[in-house]
There are 2 protein chains.
Amino acid sequence: MSFDAEPPFKPTDPTEMMAPICSVFRRFLKSRGLKYTPERAAILDAIIDRDEVFEVEEILLQMTGSAARVSKATIYRTIILLTEAGIITQALFDSKQSHYRLIYGREPQDQMVCMRTGKLVEFTNEEVIELRNRICKELGWNPIGHRMHIYAHSPEDSEEAPPSTPE
Amino acid sequence: MSFDAEPPFKPTDPTEMMAPICSVFRRFLKSRGLKYTPERAAILDAIIDRDEVFEVEEILLQMTGSAARVSKATIYRTIILLTEAGIITQALFDSKQSHYRLIYGREPQDQMVCMRTGKLVEFTNEEVIELRNRICKELGWNPIGHRMHIYAHSPEDSEEAPPSTPE
DNA sequence: GTCGGTGCAAATGCTTTGCATTGAT
DNA sequence: ATCAATGCAAAGCATTTGCACCGAC
């Protein structure tokens with residue numbers, strides 16, 4: 001799955017996070033009768049290292065330099081598995097290509113985007129979660145996760161410019 | 001632009017809405033030295049008729065039956081203009097293809113998606129808007145719009161199924 | 001030896017673009 | 001005549017898939 005209001009642990013740095021996520025992935029693969037291959041491990045490592053919203057091309061580039069080079073097809077195939085394992089999720093920023101981000105062990109993250117500069121600020125806000133749960137409750141739904149994007153102008157950018165469109 | 005917390009008018013039915021939106025589009029085109037052609041008018045009408053989240057293929061199909069047949073390329077080109085005019089916006093549901101929806105004269109709409117069935121419920125919630133504004137204020141940003149997707153299980157679907165991933 | 005995994009290249013499918021034609025002013 | 005709009009077909013591009021080869025158990 002994708003969002004988790006109560007993550008099993010709250011890592012503070014990538015290294016600390018690495019080991020548990022790998023085990024989670026390993027267990028997930030095992031439960032499906034699949035293998036934890038060096039390629040899959042390397043891809044997951046690259047994603048954890050990057051530690052931000054990413055796209056496939058970026059991971060490919062990042063890995064090209066290192067010894068652990070994998071094909072684009074393998075990255076795509078691994079991303080599907082990582083998503084099913086609940087380790088990453090799609091970010092849905094623009095329609096041109098897919099963006100993903102790490103979610104395992106993370107607070108759900110909301111985003112604020114500057115309409116002029118494209119600057120992105122991520123935040124976690126308890127009230128968003130509460131409101132989401134309340135809305136679900138009123139309608140009799142069972143909340144799983146949410147995605148909140150706020151489009152705004154950041155304080156630094158006060159010059160006049162034609163606003164762009166949120167995608 | 002795309003979201004508008006205070007729309008200039010609040011139409012109740014598509015017909016009532018039609019005329020003003022057309023004028024808005026006409027004025028927008030004029031301001032750019034572009035023409036309000038029969039094709040563009042027909043595409044806008046089709047979108048207003050449909051009155052829900054749509055994709056290009058659907059509009060094409062819908063128009064194929066009628067006398068006003070246009071090419072797919074023209075629809076794509078018109079959609080760009082309608083977006084720039086602030087009449088429609090991209091919906092960003094899945095990464096496979098683009099979805100759009102009418103926003104001119106509408107309350108900003110939030111969405112609840114059932115993770116099992118894909119069922120989509122749209123709603124407007126004042127609290128979401130207030131919360132969004134409050135978050136912006138705290139950070140010194142100037143709110144323009146937002147996008148709120150809630151992923152949940154709808155009450156009808158209580159059978160056991162592997163949860164899918166929000167895209 | 002069976003099965004899954006990988007890389008490569010080819011295929012897919014949505015979207016964009018080039019171009020010749022058409023239409024409005 | 002000029003300048004933009006349209007339709008068609010071709011091109012682009014991110015993503016998926018088919019297939020031959022490889023490696024682990």
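Each chain gets a letter, A, B and so on, in the order the sequences are listed, and its residues count up from 1. Quantities reported herein were computed from a predicted structural model and do not represent experimental measurements. Only heavy atoms go into these numbers, but all of them, side chains included; no hydrogens, no water, no symmetry mates.
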Donor-acceptor contacts under 3.5 Å from residues 135-144 of chain A side chains, at least two apart:
none

Straight-line distance of M148(B) CE to R132(A) CZ, nearest 0.5 Å: 8.0 Å
For R69(A), all residues meeting salt bridge (Lys or Arg N to Asp or Glu O under 4.0 Å), sequence neighbours excluded: none
Length of the CG-P vector between L60(B) and dG13(C), whole Å: 16 Å
Value in whole Å for how far the P atom of dT15(C) lies from CZ of F54(B): 11 Å
Length of the line joining L61(A):CG and dA14(D):P, which is rounded to integer Å: 12 Å
Shortest non-hydrogen separation from R147(B) to A91(B) and the atoms involved: NH1-O, 3.9 Å
Y76(B) vs dT15(C): side-chain N/O to OP1/OP2 distance below 4.0 Å: yes
Separation of dA14(D) P from I80(A) CD1 (nearest whole Å): 17 Å
Whether F28(B) and F25(B) hold their rings parallel, tilted or perpendicular, with breakpoints at 30° and 60°: parallel
E57(B) CD to dC14(C) P, straight-line distance once rounded to whole Å: 7 Å
Length of the line joining I79(A):CD1 and dA14(D):C1', which is rounded to integer Å: 12 Å
If you restrict it to nitrogen or oxygen atoms, what contacts under 3.5 Å exist between nucleotides 5-8 of chain D and the protein, and what is each distance?
residue	atom	partner	partner atom	Å
dA5(D)	OP1	R40(B)	NH1	2.7
dA5(D)	OP1	R40(B)	NH2	3.0
dT6(D)	OP1	T37(B)	OG1	2.7
dT6(D)	OP1	E39(B)	OE1	3.3
dG7(D)	OP2	S71(B)	N	2.9
dG7(D)	OP2	S71(B)	OG	2.9
dG7(D)	OP2	T74(B)	OG1	2.5
dG7(D)	N7	R77(B)	NH2	2.9
dG7(D)	O6	R77(B)	NH2	3.2

N/O (side chain, S95(B)) to phosphate O (OP1/OP2, dA14(D)) under 4.0 Å: no
Inter-residue atom distance I79(A).CD1 - I88(A).CD1, 0.5 Å rounding: 5.0 Å
Length of the NZ-P vector between K30(A) and dC25(D), whole Å: 11 Å
Value in whole Å for how far the C1' atom of dT15(D) lies from OH of Y100(A): 8 Å
